[in-house]
Engineer: 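My questions will all concern the structure given below.
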Amino acid sequence: MTKERQKLPEKSKRPVAVAVSGVKNSGKTTMIAALLPRLRAWGWKVAVIKHDGHDFEPDVPGTDTWIHRRAGAYGTAIFSGQRMMIVKEAQVTERELWEAFPEADLILLEGMKHSPYPKIELVREGNSEACVCDPATLLAVATNRREREGLPEGIPVMDLEDYEGIAVLIRDYVKACCKGQRQVTAEARI
């Protein structure tokens, strides 16, 4: 992987979104964790928004902000010179969360398998029988299955652990979007 900055063409004021999707335990978090250092090595600012279909504990038990929330605060915020965290009891969509990352080059969405966003779908042998995403939204399928049955026709199929190749595919997609060479849906251009 080249360490030099992969300069993006002039782009609109908003980043491009790509979802990493698949059924539960297909490896979405592992994939994103493997892609991030590669994308950052190109000098990109990448944000990640994860959808959780269940409720979750947003803070570390025992911290001051956790204690404040448990005592009844509807929201808490903590910040330092380098970072911040806001926890708020509210209904929110991923589109509203994007506003927190206006300087990002790319936003990776974890999950969102039934969304209209462009995506890489993970199909893991022993975990996924077939693709569950709309083929019209797929940039590629990443799989460790030898058999291609159940995978959509005409969609690139990549090895599940070809992190470099998948990063390059995303890079090329983002660059094409920035140059206006790809049709970008409103959902892709955040």
Engineer: Roughly how far apart are I166 CD1 and E164 CD, rounded to 0.5 Å?
Structural biologist: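 Taking CD1 in I166 and CD in E164, the distance rounds to 10.5 Å.
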Engineer: Please evaluate residues K45 and F101 with respect to the criterion side-chain contact (heavy atoms from CB on, under 4.5 Å), reporting the C-alpha separation (whole Å), side-chain torsions for both, the decisive distance (0.1 Å), and the verdict.
Structural biologist: CA-CA 9 Å; K45 288 185 178 178; F101 306 107; over 6 Å; no
Engineer: If you compare all heavy atoms of G111 against all heavy atoms of A19, which two are closest, and at what distance to 0.1 Å?
Structural biologist: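 In terms of heavy atoms, the two residues are closest at O-CB, 4.0 Å.
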Engineer: Under the side chain to side chain donor-acceptor pair (under 3.5 Å) rule, collect the residues that match up with T137, sequence neighbours excluded.
Structural biologist: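 Once residues adjacent in sequence are excluded, the partners of T137 under the side chain to side chain donor-acceptor pair (under 3.5 Å) criterion are K119.
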Engineer: Side-chain contact, heavy-atom cut-off 4.5 Å: L106 with I170?
Structural biologist: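 Heavy-atom side-chain distance check passes, below 4.5 Å.
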Engineer: Between E99 (side chain) and E96 (backbone), is there a donor-acceptor pair under 3.5 Å?
Structural biologist: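 Such a contact is absent between E99 side chain and E96 backbone.
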Engineer: Among residues two or more places apart or on two chains, list those pairs meeting side chain to side chain donor-acceptor pair (under 3.5 Å) that have a residue in residues 139-157.
Structural biologist: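 Every candidate side chain to side chain donor-acceptor pair (under 3.5 Å) pair involving residues 139-157 fails, so no pair, neighbours aside, qualifies.
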Engineer: Decide whether V23 and V20 are clustered together by the hydrophobic rule: side chain heavy atoms of Ile, Leu, Val, Met, Phe, Trp, Tyr closer than 4.5 Å, transitively.
Structural biologist: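 No, because V23 and V20 fall into different hydrophobic clusters, even though each may have its own neighbours under 4.5 Å.
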Engineer: Apply the test side-chain contact (heavy atoms from CB on, under 4.5 Å) to residues H51 and E94: give CA-CA distance (whole Å), side-chain angles for both, the deciding distance (0.1 Å), then the verdict.
Structural biologist: CA-CA 8 Å; H51 177 260; E94 71 281 357; 6.0 Å; no
Engineer: From H114 NE2 over to D134 CG, what is the distance, rounded to the nearest 0.5 angstrom?
Structural biologist: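 Interatomic distance, H114 NE2 to D134 CG, rounded to 0.5 Å: 10.5 Å.
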Engineer: Listing request: all side chain to side chain donor-acceptor pair (under 3.5 Å) pairs with a residue in residues 15-34, at least two apart in sequence or in separate chains.
Structural biologist: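 Side chain to side chain donor-acceptor pair (under 3.5 Å) check on residues 15-34 returns T29-E110.
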Engineer: Considering non-hydrogen atoms only, spot the tightest contact between A17 and P118 and give its length.
Structural biologist: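 Result for this residue pair: O-CG, 3.4 Å.
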Engineer: Honestly curious: do V157 and L138 fall in one hydrophobic cluster under the side-chain, below-4.5 Å linking rule?
Structural biologist: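 As far as the 4.5 Å side-chain criterion goes, L138 and V157 are connected within one cluster.
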Engineer: Taking the side chain as everything from C-beta on, heavy atoms only, tell me whether V141 gets closer than 4.5 Å to P156.
Structural biologist: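 No, too far: nothing below the 4.5 Å cut-off.
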Engineer: Going by heavy atoms in the side chains, are Y173 and V168 under 4.5 Å from each other?
Structural biologist: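 Side chain of Y173 against side chain of V168, heavy atoms only: no contact under 4.5 Å found.
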Engineer: Are V132 and V123 co-members of a hydrophobic cluster defined by side-chain heavy atoms under 4.5 Å apart?
Structural biologist: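 No, V123 and V132 fall in different hydrophobic clusters.
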Engineer: What are the two closest non-hydrogen atoms of A140 and I155, and how far apart are they?
Structural biologist: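 Looking at all heavy atoms of both residues, the shortest contact is CA-CG2, 3.8 Å.
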Engineer: Side-chain contact test, heavy atoms from C-beta onward, threshold under 4.5 Å: evaluate it for V174 versus R171 and give yes or no.
Structural biologist: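 Not in contact.
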Engineer: With a 4.5 Å cut-off on side-chain heavy atoms, are L39 and L108 touching?
Structural biologist: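 With C-beta onward as the side chain, the pair touches.
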Engineer: Assess the residue pair D105 and W42 against the criterion (side-chain contact (heavy atoms from CB on, under 4.5 Å)); give the C-alpha distance rounded to whole Å, side-chain angles, the decisive distance to 0.1 Å, and a yes or no.
Structural biologist: CA-CA 11 Å; D105 296 304; W42 294 331; over 6 Å; no
Engineer: Among residues at least two apart in sequence or on other chains, which ones pass side chain to side chain contact (heavy atoms under 4.5 Å, CB included) with V60?
Structural biologist: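 Partners of V60 by the side chain to side chain contact (heavy atoms under 4.5 Å, CB included) criterion, ordered by chain and then number, come out as T63.
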Engineer: Give the other cluster members for M85, using side-chain heavy-atom distances under 4.5 Å between Ile, Leu, Val, Met, Phe, Trp and Tyr residues; answer none if it is isolated.
Structural biologist: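 So far as hydrophobic clustering goes, M85 is joined with I78, V87.
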Engineer: Could you walk me through whether I107 and V16 pass the side-chain contact (heavy atoms from CB on, under 4.5 Å) test, one step at a time?
Structural biologist: CA-CA 6 Å; I107 295 182; V16 173; over 6 Å; no
Engineer: Do Y117 and V92 land in one hydrophobic cluster if side-chain heavy atoms of ILVMFWY residues count as linked below 4.5 Å?
Structural biologist: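 Result: yes, single cluster for both.
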Engineer: If you look only at pairs with a residue in residues 69-86, which of them pass as a side chain to side chain donor-acceptor pair (under 3.5 Å), with sequence neighbours excluded?
Structural biologist: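 Of all non-adjacent pairs touching residues 69-86, those that pass side chain to side chain donor-acceptor pair (under 3.5 Å) are E57-R69, R69-E89.
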Engineer: Who passes side chain to side chain contact (heavy atoms under 4.5 Å, CB included) against A33, sequence neighbours left out?
Structural biologist: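 A33: no side chain to side chain contact (heavy atoms under 4.5 Å, CB included) contacts found.
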Engineer: Sequence neighbours excluded, which residues qualify as side chain to side chain contact (heavy atoms under 4.5 Å, CB included) partners of I67?
Structural biologist: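 None.
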Engineer: Stepwise, does the salt bridge (charged side-chain N to carboxylate O under 4.0 Å, His left out) test hold for K113 with E121?
Structural biologist: CA-CA 8 Å; K113 64 181 171 262; E121 182 172 1; over 6 Å; no
Engineer: According to side chain to side chain contact (heavy atoms under 4.5 Å, CB included), who are the partners of E161, at least two apart in sequence or on a separate chain?
Structural biologist: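 Checked E161 against side chain to side chain contact (heavy atoms under 4.5 Å, CB included); matches are D159, Y163.
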Engineer: Which pair of non-hydrogen atoms, one from L35 and one from A167, has the smallest distance, and what is that distance?
Structural biologist: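 For L35 versus A167, the nearest heavy atoms are CD2-N, 3.7 Å.
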Engineer: What's the spacing between I120 CD1 and M158 CE if we round to 0.5 Å?
Structural biologist: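 Rounded to the nearest 0.5 Å, the CD1-CE separation comes out at 7.5 Å.
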